[in-house]
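Below is the structure I would like to discuss, written out as structure tokens.
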Protein chains: 2
Amino acid sequence: MTKKYVHPVLHEAHLIKDAVELVQSYPKVPLTVDCAIFGFEESKLKILLIKSDLEVFEGRYTLLGDMVRDNEELDAAAYRILKERTGMNDVFLDQVRAFGHPNRHPGGRVITVAYCSLLNINHHELKIHDNELNWHTVANLNEMAFDHMEIVDYCYAWLQKRIQEHPLGFNLLPEKFSLRELQNLYEAILGVTLDRRNFRKKFASMDLLIDIDEMEQDVPHRPGKLYKFNFEKYEKNKRKWVGIDF
Amino acid sequence: MTKKYVHPVLHEAHLIKDAVELVQSYPKVPLTVDCAIFGFEESKLKILLIKSDLEVFEGRYTLLGDMVRDNEELDAAAYRILKERTGMNDVFLDQVRAFGHPNRHPGGRVITVAYCSLLNINHHELKIHDNELNWHTVANLNEMAFDHMEIVDYCYAWLQKRIQEHPLGFNLLPEKFSLRELQNLYEAILGVTLDRRNFRKKFASMDLLIDIDEMEQDVPHRPGKLYKFNFEKYEKNKRKWVGIDF
DNA sequence: TCAAAAGTGTTTGTACTACACCCATGG
DNA sequence: CCATGGGTGTAGTACAAACACTTTTGA
């Protein structure tokens with residue numbers, strides 16, 4: 001009993017001439033993009049949500065999503081949708097992953113690609129309020145429409161990991177910020193409390209903060225120094241990963 | 001000149017009753033999955049590729065891919081395709097991300113979702129040779145079909161990062177392996193050279209290796225000790241990320 | 001006896017942790 | 001004068017990096 005061996009060369013005769021025909025034979029599915037836009041305000045991590053348009057999800061919230069158009073890049077769709085829903089057009093979005101469970105949408109199969117960002121709420125006033133667009137505290141999210149809770153959980157974990165590798169955090173703060181604000185930010189996103197002295201030392205040693213020689217104003221306690229983020233320096237020193245570190 | 005303010009309540013009248021109709025109004029796109037299966041052999045990182053079926057890509061290689069079926073989970077499609085193409089059914093696949101450039105496929109728009117894995121070539125003999133399925137050294141890849149070079153690059157970077165957080169590497173080695181083999185593996189995947197003593201110390205301190213009190217056989221030099229990986233121990237100690245570490 | 005890789009320890013620097021007190025401001 | 005958070009230093013520990021010689025085996 002020998003195994004049948006198919007010689008590669010035999011296959012050269014089978015090349016497909018018409019790629020268009022091939023693609024047309026594939027099943028097609030509706031494709032959407034959902035944006036998980038995180039922001040930071042009052043020492044809390046928040047996320048932008050709207051009310052679902054669908055009756056079956058009446059009262060529930062969803063991420064900012066919509067269909068991808070014909071011949072539209074996924075990234076472009078994400079930026080377009082964000083712009084349409086919020087008016088924002090100066091936000092960086094990163095693709096997180098695709099979600100494709102066949103029953104995730106009550107209207108039939110829809111694949112969605114999740115995008116994620118993190119931004120400074122005070123720099124991005126909401127000018128559009130359709131579908132009750134608003135910021136929601138991540139810690140108290142209720143039931144959401146579709147599988148959006150799962151997507152939020154995944155994006156949040158993705159974000160926690162990412163903020164430890166890249167100083168995304170600075171997008172969340174005013175141009176000038178105090179170390180306390182910076183620490184609040186990290187504590188909010190990572191869900192931990194950090195030692196103040198060690199935190200300050202850590203950032204001091206990274207030398208990514210520029211002391212602008214100004215102080216906080218109108219705070220009901222001793223004012224802290226204000227800093228700016230040194231973007232230039234960061235760009236030069238992007239982390240080199242070499243170690244092995246499970 | 002005041003801004004027009006749309007009160008949220010106005011929208012409650014607009015709820016969509018028919019989710020199916022809504023979804024049917026979306027553009028639909030063909031959806032595929034592509035698997036980037038990395039393996040390790042002769043101290044080199046390799047990847048499983050097949051020859052493209054398409055005439056326009058005659059002679060070029062592609063990842064293991066195919067369409068996603070109606071109502072098929074993305075993960076399930078990836079496992080099915082891997083099984084169909086290679087016969088393997090005991091491999092873990094992770095989704096990496098979606099690629100959706102409108103012109104990435106000559107037959108029209110096709111979205112693909114990339115999956116990635118890493119395995120032990122010697123534990124997975126290739127029993128199917130359709131489309132010249134074979135292992136290719138990652139370092140010498142030539143031009144590939146579609147955007148598969150981009151996908152490979154992305155998956156490779158993804159893998160390098162991932163192997164530093166999880167000991168995927170052990171899937172690539174025989175059950176019993178020497179420290180030299182382990183080090184070769186890390187050097188091959190990370191593309192760096194590592195100090196032998198420090199490497200050994202690192203793994204010794206992690207206590208993830210079981211000394212099985214056997215030696216290499218038939219090597220043209222002093223034989224090294226053989227070890228097994230302590231999977232149990234690893235499962236208990238999965239890394240907790242807490243620090244901030246750009 | 002040679003080639004090739006195995007095996008091994010120390011030192012040095014860096015980075016993280018834990019921890020407590022005084023200071024500046026507004027109310 | 002009180003409450004609130006700002007600002008600071010040290011000691012201990014753990015980890016990473018650099019670095020060279022002896023040993024074992026097969027050819």
Side-chain angles (χ1 to χ4, degrees), chain A residues 42-44 163-165 167 173-174 176-188 190-228 237 239-246, chain B residues 42-44 163-165 167 173-174 176-188 190-228 237 239-246:
Chain A
E42 297 163 357
S43 298
K44 285 188 195 126
I163 201 176
Q164 294 180 79
E165 297 166 4
L173 293 173
K176 305 171 181 181
F177 53 86
S178 67
L179 280 169
R180 161 62 42 188
E181 288 174 293
L182 186 60
Q183 186 176 339
N184 284 343
L185 179 90
Y186 275 87
E187 291 183 343
L190 299 178
V192 295
T193 60
L194 302 168
D195 180 88
R196 193 163 83 253
R197 281 163 297 189
N198 293 336
F199 183 84
R200 298 165 88 93
K201 256 181 296 180
K202 174 81 181 176
F203 275 87
S205 77
M206 290 192 300
D207 201 22
L208 285 172
L209 302 182
I210 303 169
D211 181 342
I212 57 173
D213 217 24
E214 290 182 51
M215 307 297 270
E216 288 177 297
Q217 305 279 331
D218 299 320
V219 287
H221 53 77
R222 174 175 173 180
K225 273 186 156 181
L226 294 177
Y227 297 85
K228 286 184 181 178
N237 295 0
R239 176 174 203 174
K240 282 181 312 192
W241 253 106
V242 193
I244 297 158
D245 195 16
F246 295 160
Chain B
E42 296 164 356
S43 298
K44 284 186 195 132
I163 201 176
Q164 294 179 78
E165 297 167 4
L173 291 173
K176 305 170 181 183
F177 52 86
S178 67
L179 280 168
R180 162 59 46 189
E181 288 174 292
L182 186 61
Q183 185 176 341
N184 283 345
L185 179 91
Y186 275 88
E187 290 183 344
L190 299 177
V192 294
T193 61
L194 302 167
D195 180 88
R196 194 164 79 252
R197 282 165 295 188
N198 293 334
F199 183 84
R200 298 166 87 95
K201 254 179 299 178
K202 174 83 181 174
F203 275 87
S205 77
M206 289 191 301
D207 200 22
L208 285 172
L209 302 182
I210 302 169
D211 181 343
I212 57 171
D213 216 25
E214 290 181 49
M215 307 296 273
E216 288 178 298
Q217 305 279 332
D218 300 319
V219 287
H221 55 75
R222 175 175 173 180
K225 274 186 155 180
L226 294 178
Y227 298 85
K228 285 184 181 177
N237 297 359
R239 178 177 199 170
K240 282 180 313 190
W241 254 106
V242 193
I244 298 158
D245 195 18
F246 295 160

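Numbers restart at 1 for each chain; the letters A, B, ... are given by sequence-line order, proteins then strands.
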What is the distance from atom CG of A:Asn184 to atom CZ of A:Phe177, rounded to the nearest 0.5 Å?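 Answer for the CG-CZ pair, A:Asn184 versus A:Phe177, is 12.5 Å.
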Results of side chain to side chain donor-acceptor pair (under 3.5 Å) for A:Asn198 - residues two or more places apart only: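 Testing A:Asn198 for side chain to side chain donor-acceptor pair (under 3.5 Å), a comparison that skips the adjacent residues, returns A:Asp195, A:Lys201.
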Send over the distance from B:Phe203 CZ to C:dG7 C1', rounded to a whole Å.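 So the CZ-C1' distance, B:Phe203 to C:dG7, works out to 17 Å.
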Are OP1 or OP2 of C:dG7 and a side-chain N or O of B:Lys225 less than 4.0 angstrom apart?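 Answer no for this pair, as no side-chain N or O of B:Lys225 is under 4.0 Å from OP1 or OP2.
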If you take any heavy atom closer than 4.0 Å to DNA chain C, which residues from residues 209-219 of chain A end up in contact?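 Of all residues in residues 209-219 of chain A, the ones placing a heavy atom under 4.0 Å from DNA chain C are A:Val219.
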Note the angle between the end axes of the helix from C:dT1-D:dA27 to C:dG27-D:dC1, five pairs defining each, rounded to 10 degrees.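 End-to-end axis angle: 0°.
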Toward the 5' end of DNA chain C, by each residue's nearest nucleotide, B:Ser178 or A:Pro223: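 The residue mapped nearer the 5' terminus is B:Ser178.
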If you measure from CD on B:Gln183 to CD on B:Glu181, what distance do you get to the nearest 0.5 Å?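 That separation rounds to 12.0 Å.
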Side chain to side chain contact (heavy atoms under 4.5 Å, CB included) for A:Ile163 and A:Tyr186? Distances and angles first, verdict last. CA-CA 8 Å; A:Ile163 201 176; A:Tyr186 275 87; 4.1 Å; yes
Produce the list of close N/O pairs, under 3.5 Å, pairing protein atoms with atoms of nucleotides 10-13 of chain D; give distances to one decimal.
| unit_1 | atom_1 | unit_2 | atom_2 | d |
| --- | --- | --- | --- | --- |
| D:dT10 | O4 | A:Lys201 | NZ | 2.6 |

Would you mind reading off the distance between A:Phe199 atom CZ and D:dT8 atom P, rounded to a whole angstrom?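 Taking atom P of D:dT8 as the reference, CZ of A:Phe199 is at 15 Å.
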Would you mind telling me which of C:dT8, C:dC23, D:dT8 lies closest to the side-chain atoms of B:Arg200?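 Minimum distance to the B:Arg200 side chain belongs to C:dT8.
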Taking every non-hydrogen atom, the tightest pair across A:Lys228 and A:Ile212: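 Here A:Lys228 and A:Ile212 meet closest at CG-CG2, 3.6 Å.
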Gap between atoms CG and P, on A:Asp195 and D:dG6 respectively (whole Å):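 That distance rounds to 13 Å.
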Could you walk me through whether B:Arg196 and B:Leu179 pass the side chain to side chain contact (heavy atoms under 4.5 Å, CB included) check? CA-CA 9 Å; B:Arg196 194 164 79 252; B:Leu179 280 168; over 6 Å; no
For the side chain of A:Arg197, counting heavy atoms from C-beta on, which of D:dC19, D:dG6, C:dA20 is nearest?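 Between D:dC19, D:dG6, C:dA20, the one nearest the side chain of A:Arg197 would be C:dA20.
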Least distance between heavy atoms, A:Ser43 atom then A:Ala188 atom: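 Minimum heavy-atom separation between A:Ser43 and A:Ala188: O-CB, 3.8 Å.
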From the options C:dT25, D:dA16, D:dT25, select the nucleotide whose nearest atom is closest to the side chain of B:Lys202.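 Closest nucleotide to the B:Lys202 side chain: D:dA16.
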To the nearest 0.5 Å, tell me how far A:Leu226 CG sits from A:Leu173 CG.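 The distance works out to 11.0 Å.
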Can you tell me how far P of D:dA16 sits from CZ of B:Arg196, to the nearest Å?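 Distance, rounded to whole Å: 19 Å.
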In Å and rounded to the nearest 0.5 Å, what is the CZ to CZ distance from B:Arg197 to B:Arg200?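 Spacing of CZ (B:Arg197) from CZ (B:Arg200) equals 10.5 Å.
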Please collect all salt bridge (charged side-chain N to carboxylate O under 4.0 Å, His left out) contacts where either partner lies in residues 215-226 of chain A, sequence neighbours excluded, each pair once.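 Of all non-adjacent pairs touching residues 215-226 of chain A, those that pass salt bridge (charged side-chain N to carboxylate O under 4.0 Å, His left out) are A:Asp211-A:Lys225.
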Please identify each residue that fulfils salt bridge (Lys or Arg N to Asp or Glu O under 4.0 Å) with A:Glu214, with sequence neighbours left out.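 A:Glu214 satisfies salt bridge (Lys or Arg N to Asp or Glu O under 4.0 Å) with A:Lys176 once adjacent residues are dropped.
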Side chain to side chain contact (heavy atoms under 4.5 Å, CB included) for A:Leu208 and A:Tyr227? Distances and angles first, verdict last. CA-CA 10 Å; A:Leu208 285 172; A:Tyr227 297 85; over 6 Å; no
A:Gln183 CD to D:dG6 P, straight-line distance once rounded to whole Å: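 These atoms are roughly 9 Å apart.
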Nearest to the side chain of A:Arg180 - D:dC19, D:dG6, C:dA5?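 The answer is D:dG6, which lies nearest to the side chain.
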Send over the distance from B:Leu194 CG to D:dC19 C1', rounded to a whole Å.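 Value for this atom pair: 15 Å.
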Between C:dA6 atom P and B:Arg222 atom CZ, what is the distance in whole Å?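 In whole Å, C:dA6 P and B:Arg222 CZ are 9 Å from each other.
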